[in-house]
Amino acid sequence: AIRARRANGHQRVLALREAAPLGAAQRSHGVACLVPRQPRIVGATVVERATLPAPDRLDVQSVALAVRRRHGVRHQRPRSVELGGIHAADQLVDAIVQVVKTYHSSHGGKLSLARVLCGTLKEGAVLHNRDGADMRVGGIASLKGEAQTKLAEAKTGDMVALLRLDAAATGDTLSTAKAAKLPKVEIEQLVPVYDLAIEAADRKDEVKLTAAIHKLQEEDPSLHFRQNAELHEMALEGQGEMHLKVAVEKLASKYGLKLNTHQPRVPYKETIRKATTQRGRHKRQSGGHGQFGDVMIEIKPLPRGSGFVFQDEISGGVVPRQFIPSVEKGVADYLKQGPLGFPVVDVAVALTDGSYHTVDSSDAAFQTAGRIAMSEGMPNCSPVLLEPIMHVRIHAPNDATSKINQVVSARRGQLMGFDSRDGWKGWDSIEAQMPLSELHGLIIDLRSLTQGVGTFEMEFDHLTELTGKLAEQVVAARRPAA
């Protein structure tokens, strides 16, 4: 009896649902955006008023006419009247496709996942991009996971994989019409918020690593690759720890590259606080022509951001003119690694005096003399460490602003203020100045405080002195590696 009553109840409920829609559907709330109403198109075989017709049941000319009347069928044609200056009905014989994703398969090579915006694309067709470059479609296939089904052609609305379009990139609009004015699709570049230094476990794989990373960037435009010539370091930049972890694992599994990863090093600098005068003398006699160079230099600090300045104050020809560039070269060579082990900036060096030998003096001798004078004089100039300070803008919901301020302060940051974020109701933009050494992993704290929606962007602001225990730790960590 209980089962019978339940069955009768279910039948009554189903009858009510068939009789009339319930809730929001009855009031047509939220339905239009899910199932858009299409106007009846003359010439179509069957076009229901409130359903999406199948692409193979539409007449192409009727769809093109609807596009020109601003009644395009969603998911089949762009809503605009023109495709970058091309009327859809004017060039029905030409195919226009847009690359929406790029893959690199281990066997099939490069696959460009593209949607056919209009026309019919056949295998072997020649496509042209905005720059006029030609590329031949090596094949057309439909994808289902990793399985590929070859197709002879693709029609309007189809999403297919185009094989071996090496010159095509994600976002490109391509056409079989060579003179077509194609629209340029700008892909918004995500700002990197996490970085990871990488190096090949085997030095023989370094060239292979660069090519593999280039393929990863084609597949994922949010992945960035940076080479720091100063630190001799390569780094991946992306949207988080897991993002880069997946990229490293893909390099290992797909391309057979084993990598060593670590936190990127901070490009510290050093400068001096006081001036000094130092003589550098290089003399060596080894049979035949010897080596002789003698210089007197004055080392002075400069305002922050001035860089390196070399001044020639020689008078009376005590140092021949042809040897003065050699002295400058020796000084600059020493500044690559100062007494603390870091590049020296904001320093002025003046060559004030010296002497030479008519036979033994040479460019190499004066270059060595300049380097000796710097190595003996710089420790007497009160060297000090400089660390880079970044200007940081943090974007987060305003209910997390107070907690974010605490995170900034805990990371030796200085709050500059905050304001409501333009166009984002209930969001704040917090501005601060923070040391670069404290920014690694900041995105992890922000996302944990904001349920995963907080983000930040940064740019270099200035260098500032670093003293105390932190400076001692940095110098001590540098010396074993130097």
Side-chain angles (χ1 to χ4, degrees), residues 229-232 266-286 289-389 460-467 471 474-475 478-479 482:
E230 177 185 334
L231 299 176
H232 305 287
V266 178
Y268 291 102
K269 302 290 190 298
E270 61 177 278
T271 189
I272 58 175
R273 289 175 172 173
K274 62 180 184 180
T276 190
T277 300
Q278 182 66 44
R279 177 177 291 276
R281 185 182 179 92
H282 175 63
K283 183 178 181 180
R284 179 177 297 176
Q285 193 70 33
S286 57
H289 290 297
Q291 296 185 25
F292 180 83
D294 180 31
V295 296
M296 177 73 75
I297 61 173
E298 183 180 0
I299 309 171
K300 299 178 291 186
L302 290 178
R304 197 72 66 239
S306 300
F308 165 60
V309 176
F310 183 81
Q311 300 169 341
D312 175 16
E313 298 181 0
I314 291 295
S315 60
V318 292
V319 176
R321 308 300 302 176
Q322 66 267 24
F323 295 143
I324 292 178
S326 300
V327 178
E328 180 180 1
K329 185 177 180 180
V331 170
D333 184 63
Y334 173 83
L335 293 179
K336 295 178 181 179
Q337 185 172 333
L340 300 181
F342 298 93
V344 183
V345 295
D346 304 334
V347 171
V349 177
L351 178 60
T352 59
D353 197 4
S355 60
Y356 72 101
H357 190 277
T358 55
V359 176
D360 294 340
S361 291
S362 62
D363 289 334
F366 273 97
Q367 184 176 336
T368 304
R371 192 184 305 111
I372 291 174
M374 290 295 295
S375 62
E376 294 178 355
M378 282 291 293
N380 302 324
C381 295
S382 185
V384 62
L385 194 65
L386 298 176
E387 69 171 343
I389 302 297
F460 174 77
D461 192 82
H462 65 280
L463 293 170
T464 189
E465 293 185 6
L466 180 64
T467 58
V474 172
V475 174
R478 174 73 171 181
R479 281 174 180 167

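Heads up: numbering here begins at 1 and tracks the sequence. Keep in mind that what you see is a predicted model, and the values were worked out from it rather than measured.
- Going from atom OG of S361 over to atom NE2 of H282 covers 10.0 Å, rounded to the nearest 0.5 Å.
- The backbone N or O of I299 sits nowhere less than 3.5 Å from a side-chain atom of T276 that would complete a donor-acceptor pair.
- With hydrogens and angles disregarded, a donor-acceptor distance shorter than 3.5 Å links the side chain of E270 to the backbone of G341.
- Between G280 and I372, the shortest heavy-atom contact is CA-CG2, 4.4 Å.
- Using a 30° and 60° split on the angle between ring planes, F323 and F366 fall in the parallel class, below 30°.
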Applying side chain to side chain contact (heavy atoms under 4.5 Å, CB included) to D312 and E328, what does each step give before you reach the verdict? CA-CA 9 Å; D312 175 16; E328 180 180 1; over 6 Å; no

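- Of all heavy-atom pairs spanning L466 and A471, the tightest one is O-CB, 3.2 Å.
- Summarising the local packing, NZ of K269 is surrounded by more than 12 heavy atoms from other residues, nucleotides or ligands at distances under 6.0 Å.
- Shown here for G354 and V318, the closest heavy-atom pair between the two residues is O-CB, 3.3 Å.
- Residues forming a salt bridge (charged side-chain N to carboxylate O under 4.0 Å, His left out) with R284 (at least two apart in sequence, or on another chain): none.
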Take T271 and V384, measure what side chain to side chain contact (heavy atoms under 4.5 Å, CB included) needs, and give me the verdict at the end. CA-CA 6 Å; T271 189; V384 62; 3.5 Å; yes

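- Although no hydrogens or angles enter the test, the distance criterion places a donor-acceptor pair under 3.5 Å between the side chain of D346 and the main chain of G307.
- Annotation: cation-pi geometry not satisfied between R478 and Y268 (NZ/CZ under 6.0 angstrom from ring centroid, within 45° of ring axis).
- Here the closest non-hydrogen pair linking V331 and G370 is CG2-O, 4.1 Å.
- A salt bridge is absent between R281 and E376; no separation between the charged side-chain nitrogens and carboxylate oxygens falls under 4.0 Å.
- Across A369 and G293, no two heavy atoms sit closer than the pair CB-O, 3.6 Å.
- To the nearest 0.5 Å, the span separating CZ on F292 from NZ on K283 amounts to 6.5 Å.
- Taking CD of E465 as the start and CG of L386 as the end, the distance is 6.5 Å to the nearest 0.5 Å.
- Taking OG from S362 and NE2 from H357, the interatomic distance works out to 12.0 Å, rounded to the nearest 0.5 Å.
- Across all non-hydrogen atoms, the minimal contact from R321 to I314 is NH1-O, 4.4 Å.
- Of the inter-residue distances, the one linking M378 atom CE with Q278 atom CD reads 11.5 Å to the nearest 0.5 angstrom.
- Heavy-atom neighbours of Y356 OH from other residues, nucleotides or ligands within 6.0 Å: at or below the threshold of 12.
- Shown here are the salt bridge (charged side-chain N to carboxylate O under 4.0 Å, His left out) partners of E387, two or more places apart in sequence or in another chain: R412.
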Could you walk me through whether M374 and V344 pass the side chain to side chain contact (heavy atoms under 4.5 Å, CB included) test, one step at a time? CA-CA 11 Å; M374 290 295 295; V344 183; over 6 Å; no

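- Residue R279 holds its CZ atom at 10.5 Å from OG1 of T277, rounded to the nearest 0.5 Å.
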